[in-house]
Amino acid sequence: MEDTSHAVSNDASVHIAIPTFRARQVPDVPEDVDFIMDHLNDPNFDLKKSRSVYSLKSEGKEFKGYKDTEDMESHYESEHYSSSRPESQSSSAVEFDDDSPYPEVRAAVASKDDPSMPVNTFRMWFLGLFFTVVVSFVNQLFSLRYPSVFVTGVVAQLLALPMGKFLSFALPQTRFNTFGYVWSFNPGPFNVKEHVCITVMANVVVSGAYATDVILTQKIFYGQQVSYAYQILLVLSTQIFGFSFGGLLRQFVVWPSNMIWPGALVNCALFNTLHNNWGKRERGHIPRERFFFIALACSFVWYWIPGFLFTALSVFNWVCWIVPNNVAVNALFGTSTGLGMGILTFDWSMISYIGSPLVTPWWSEANTIVAFVVMFWIVAPILYFTNAWDTAYLPISSTFVFDNTGNRFDPRAIVNSDGFFDEAAYAAYSPLLLSATLAVAFGVLFASFVSVFVHTFLWFRRDIARRFRSNLKDERDVHSRLMLAYPEVPHWWFGILFVICFIVLLVTVSGFPTQLPAWAAFIAIILAAILSLPVTMLQAITNQPVPTQIMYEVIAGYMLPGRPVANMIFKVIGYIGTAQAVTFAGDMKLGHYMKVPPRMMFKVQLVAAIVSCFVVIFVQDWLLNNIEDVCTREQANGFVCPSSNTFATASLIFGGVGPKRLFSPGAPYSSLMWFFAIGGLLPIPFYFLARRYPLSFWRYINIPVCFAGISNMPPASGINYASWAAVGFVFNFLVRRYRFRWWMRYNYILSAALDAGVVIAMIVIFFAITYPTTIEVLWWGNDVWINTADTMGVPLKTLGETQTIGPQVWS
C-alpha cells in the first residue's frame with residue numbers, strides 16, 4: 001500500500017505526487033533458524049559457511065559448481081546441505097547429499113563404490129588371522145615389560161598391502177565348486193576391501209583383553225590359583241559382550257553423517273592413498289603416496305634422535321637442566337613428576353601421547369587445553385604450594401599413592417591370604433595419600449562422568465529419540481546410500497551374542513572364587529549399556545575417549561567393600577563393555593566409509609576378538625610360568641608388569657581401603673565429591689548460551705571434552721598436552737583455514753605417516769638394540785634430564801625421621 005502527499009512548488013504551482021512507503025516488516029527470526037538449530041549440536045558443522053548455501057537453495061537459485069579443471073576435492077564448499085532431516089524414506093521433501101558436508105570426510109573418504117569387489121576371500125582370512133595372532137602375541141608379551149613396544153593397526157595396515165599383493169601374484173587362480181559355492185584362492189587383484197577387513201581384525205586386538213589383568217593380579221599379587229576354564233570364560237564373556245552394544249548403536253553412531261569418527265578418517269585416507277592413487281601422476285603437487293613415504297621415512301629417521309641418541313629432546317625439561325636441584329622449578333617444569341610447563345618436545349610419540357593432534361578437531365583440542373591449564377597449571381600448583389592434603393611432602397605429579405612416611409603405599413600390607421581387605425592391618429599401617437595432580441584427576445573424572453549424561457541429554461535427546469525410529473534408508477548422505485547395496489546385520493544377531501555372553505559371565509562369577517555376586521555383575525552390565533551411547537557419541541564427534549574405570553571402582557567400592565577381586569571384575573565388566581562398544585562401532589564406521597558389506601564386517605570383528613582371547617591367555621600364562629621374577633622390580637629383562645601393578649593397586653585402593661575412607665563426608669578427600677555437582681551443572685549455562693547465540697563460540701564449548709580430555713594427567717605431563725595443542729592449532733586451525741587445499745590433500749596422510757614411522761623405529765630399536773644387546777649411548781644428552789629433582793621425584797617439603805603426615809586416625 002502507498003499513499004501520496006502533495007508538494008506545492010512556489011514557482012510553478014505544480015503538484016508533484018511523492019510516494020511514501022510503509023516500513024517493511026523484517027521477521028525477528030531468521031528464515032534459516034530451523035537449519036541452524038538442526039545442526040547446533042554438531043561443532044564439526046560450519047554453520048556460518050553453510051547458511052549462504054542454504055539461502056541460495058531456499059530462494060531457488062542454483063549453486064554454481066567449479067570447473068572440471070579445478071581441484072574439486074579442495075574447493076568443495078558443502079553445497080549439498082539440506083534444511084531438514086527426513087523422517088522416513090517415503091518423504092518427498094528429502095534432499096540427498098552428493099558428498100559429505102564435512103571437509104574432513106571429503107578429504108579422506110571416496111564417495112563411490114564397486115559392489116563387485118570380492119571380500120570374503122582366502123587371502124583376506126589368511127592375512128587377517130595372521131595379524132590377529134601376531135599382534136595379540138606381541139602386544140600381550142610386551143604389555144608386561146617396561147619400556148614396552150606395541151604394534152598398532154597402522155603397522156598391520158602397511159604390511160598387509162605388500163603381503164596381499166604377493167598372495168594375489170603367487171596363489172593359483174583355479175576355481176573350485178564346493179556344494180554349489182564357487183570360490184578361488186586368488187579371485188583377482190588384492191583390493192581395498194580385503195585390506196580394510198585385515199586392518200579391522202588387527203585393530204580389534206591391538207589393546208588385548210582387559211580381563212587378563214584380573215587373572216594376573218589374582219595369580220601374582222593375591223597368590224590365587226585359577227584354572228584355564230575360569231580364564232577362558234572370564235576373558236571371552238567380558239571381551240565380547242561389548243560388541244553387541246556397539247552393533248545395537250549403529251543407527252546412532254555409525255549411520256549418521258555427523259558422527260564423523262576422526263580416528264577412522266586417518267585409516268580411510270591411508271587406504272585411499274595406497275590403493276586409489278597408487279602409481280598415478282598428479283599435476284601441480286606431490287602425489288599422496290610419495291608424500292606418505294617421504295614423511296614416513298623422515299619420521300623413522302628422526303625418531304632415532306629423541307628416542308635413542310638424544311633422549312633429552314623427548315622429555316625436554318630444559319628449565320630443569322639449568323637448576324636441577326631447585327624443587328619448586330622442577331615441580332613446575334619437570335616432565336617425570338612435574339607439571340611440564342616447558343611446553344615443547346621434539347618427539348612425535350610425546351606429542352601424540354594423548355592422540356594425534358592432526359586428527360582431533362581444533363575446537364575439541366581448544367576445550368582440552370583450556371581445561372588443562374585451569375586444572376593442572378593453576379589449581380594443582382595452588383594446592384601443592386599451599387600444602388593442601390599434605391601434598392607438598394609428595395611429588396606434585398605421580399600415578400602412585402603414598403603412605404604417611406612419604407613412601408609408596410604397599411598394597412600387600414593390607415590384604416590377607418584370601419585376597420580380602422584386612423582392616424586391622426590397615427589400621428596398623430598407614431592412611432592412603434594422593435599427589436596433587438592425582439587428587440585433581442579424581443575430581444576431574446567425577447565431573448566427567450556426570451557431565452557426559454547431562455550434555456547428552458541437553459544436546460542429543462531429540463536426535464536419540466528420532467533415531468529410535470530410523471533405519472539406514474532414512475540417511476541421505478552418499479555413503480549411507482551406497483551402503484544400501486548390502487544387507488544389514490539383523491539386530492537379533494547382536495542380541496543372541498549378548499545373551500550367550502551374559503549367561504557365560506553369570507556362570508563365571510557364580511562358579512568360581514570371584515567375590516562378585518551375580519546381581520553386581522548385572523548392575524555392571526546395565527551401567528555399561530547406559531554409558532555406551534553417550535561415550536560412543538562423544539568419541540565419534542570429538543575423538544576424545546571418556547575414561548570410566550575410576551567410576552566403576554568407586555561404585556563397586558561402595559557396593560562391595562573389602563573385596564578387591566570383586567572390585568576388579570566389576571570394573572572390567574563395566575569399563576570394557578563400554579570400551580568395546582566404542583571400538584567396534586568405530587571399526588564399523590570405518591567399514592561404512594570404505595563400503596565393506598556389514599555382515600562381512602560382523603564376521604571379521606567377531607572372529608578376531610574370539611581368536612585374540614585365546615592367544616592372550618596362553619601368552620600371559622607362559623610368561624608367568626617361565627620368566628623368573630616376573631612382575632617384580634628385580635626382573636632382569638624389564639618384565640615388571642607396570643600396568644598390572646597399577647591395576648592391582650587400584651583394586652586395593654577402591655576394593656580394599658574403599659572410597660568411603662577416602663571420599664565420604666569426614667574423609668580426607670571428601671571435598672572432591674563436589675566435582676559431581678560441578679560436572680552436572682556446568683553444561684547447562686553453555687547449552688542455553690549456544691542456543692541464544694547460535695553462531696558464536698559458545699556452541700564449541702563442550703564440558704565433557706574439557707574434563708575427559710585431561711584425564712590422562714597423570715601419567716601424562718603438561719608437555720604432552722601443550723605440544724599436542726600447539727601442533728593441533730597449527731594444522732587444524734591455521735593450515736586448515738589458510739591452506740585448505742593442502743590440508744584436504746595431506747593432513748591425514750601426514751598423521752598416518754608420522755605414527756607409522758615412529759612405531760617402526762621403536763620396534764627396530766627395541767628388537768635390534770635394546771633387547772638383544774647392552775648397547776647404550778652414554779653422554780650428556782641422555783643423562784641431563786635424569787639427574788634432576790624432577791626425575792628423582794623430590795618433594796617440596798621433607799619429613800623428619802619420626803614425622804608422619806596425613807590423618808592420625810584413618811581406619
Side-chain angles (χ1 to χ4, degrees), residues 68 72-73 76 80 96-100 102 105-128 157-158 160-169 171 173 175 181-201 203 250 254-255 257 261 264-282 287-289 292 472-473 475-489 587-605 745 748-749 752:
D68 293 339
M72 294 291 291
E73 178 189 73
Y76 191 103
H80 298 288
F96 293 102
D97 294 332
D98 292 333
D99 212 331
S100 172
Y102 301 92
V105 178
R106 298 197 303 273
V109 183
S111 57
K112 59 183 180 180
D113 181 33
D114 179 5
S116 65
M117 278 188 183
V119 184
N120 189 19
T121 64
F122 167 81
R123 62 194 177 205
M124 184 278 291
W125 283 111
F126 177 80
L127 292 177
Q157 186 176 5
L158 292 174
L161 180 60
M163 295 173 71
K165 288 185 176 295
F166 172 77
L167 290 180
S168 67
F169 169 78
L171 289 175
Q173 298 183 0
R175 299 169 68 88
Y181 178 74
V182 180
W183 63 280
S184 172
F185 285 110
N186 189 357
F190 183 69
N191 64 67
V192 65
K193 294 188 182 183
E194 293 175 285
H195 197 179
V196 171
C197 289
I198 295 166
T199 304
V200 165
M201 294 181 77
N203 284 339
R250 287 169 297 170
V254 177
W255 299 340
S257 60
W261 288 93
L265 295 178
V266 177
N267 290 112
C268 292
L270 185 51
F271 280 126
N272 288 322
T273 295
L274 295 176
H275 288 268
N276 296 352
N277 300 303
W278 191 268
K280 296 181 180 178
R281 298 187 62 184
E282 300 182 37
R288 288 168 175 81
E289 77 275 3
F292 171 78
L472 184 60
K473 294 180 180 179
E475 304 297 333
R476 65 177 180 271
D477 75 294
V478 63
H479 305 295
S480 293
R481 297 205 312 274
L482 290 172
M483 288 300 289
L484 290 173
Y486 309 103
E488 265 297 332
V489 179
D587 284 334
M588 280 189 278
K589 186 68 173 188
L590 175 59
H592 184 85
Y593 280 147
M594 300 305 299
K595 319 303 180 296
V596 177
R599 296 188 179 188
M600 195 69 239
M601 187 63 64
F602 175 89
K603 295 172 186 176
V604 298
Q605 288 179 297
R745 191 176 292 119
Y748 293 113
I749 300 299

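What you are looking at is a predicted structure, and each value in this text was computed from that prediction instead of being measured.
Inspection of the Asn186 and Ser184 side chains reveals no N or O donor paired with an N or O acceptor under 3.5 Å. Tyr486 and Asp113 are linked by a side-chain donor-acceptor pair at a separation below 3.5 angstrom, with hydrogens and angles left out of the test. Residues Glu194 and Thr121 bring a donor and an acceptor atom of their side chains to less than 3.5 Å of each other.
Ser111 places no side-chain N or O within 3.5 Å of a backbone atom of Val478 that could act as its donor or acceptor partner. The closest donor-acceptor contact from the side chain of Lys589 to the backbone of Val254 lies under 3.5 Å. Counting only distance, with no hydrogens or angles, the side chain of Asn272 and the backbone of Ala108 share a donor-acceptor pair below 3.5 Å. Distance alone, capped at 3.5 Å, places no donor-acceptor pair between the Lys595 side chain and the Leu482 backbone. Judged by distance alone, with hydrogens and angles left aside, the side-chain atoms of Arg250 form a donor-acceptor pair with the main-chain N or O of Val489 at under 3.5 Å.
Relative orientation of the His275 and Phe190 rings is tilted, given thresholds of 30° and 60° on the angle between their planes. Using the six-membered ring where Trp is involved, Phe122 and Phe126 have ring planes that are parallel, under 30° apart on the 30 and 60° scheme.
For the pair Tyr593 and Val196, the minimum side-chain heavy-atom distance is 4.5 Å or more. The shortest distance between side-chain heavy atoms of Leu158 and Leu270 falls below 4.5 Å. Between Phe185 and Arg175, every side-chain heavy-atom pair lies at or beyond the 4.5 Å cut-off. Proximity of Pro598 to Met588: side-chain heavy atoms (C-beta onward) are nowhere separated by under 4.5 Å.
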- Message: Please determine whether side-chain contact (heavy atoms from CB on, under 4.5 Å) holds for the pair Leu274 and His195, giving the CA-CA distance in whole Å, both sets of side-chain angles, and the decisive distance to 0.1 Å.
- Response: CA-CA 10 Å; Leu274 295 176; His195 197 179; 4.0 Å; yes
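One distance of note links OG1 of Thr199 with CZ of Phe271; it measures 3.5 Å at 0.5 Å rounding. Separation of atoms CG (Asn203) and CD (Gln157) is listed at 7.5 Å; rounding is to 0.5 Å. The line from CG of Leu167 to CE of Met124 is 13.0 Å long, rounded to the nearest 0.5 Å. The line from CG of Leu127 to CE of Met201 is 10.0 Å long, rounded to the nearest 0.5 Å.
Of the charged side-chain nitrogens involved, none lies within less than 4.0 Å of a carboxylate oxygen, so that Glu488 and Arg599 do not count as a salt-bridged pair.
Taking every heavy atom of both residues into account, Ala264 and Leu590 meet most closely at O-CD1, 3.8 Å. The minimum heavy-atom distance between Met594 and Cys268, with the atom names listed, is SD-SG, 3.8 Å. Ser168 approaches Arg123 most closely through the heavy-atom pair CB-NH1, 3.4 Å. In terms of heavy-atom proximity, Val604 sits nearest to Cys197 at CG1-CB, 4.2 Å. Gly128 and Ile198 get closest at one heavy-atom pair: N-CG1, 4.0 Å. The shortest heavy-atom contact between Asp114 and Lys193 is O-NZ, 3.3 Å.
If you look at His592 and His479, their ring centroids are not closer than 6.0 Å.
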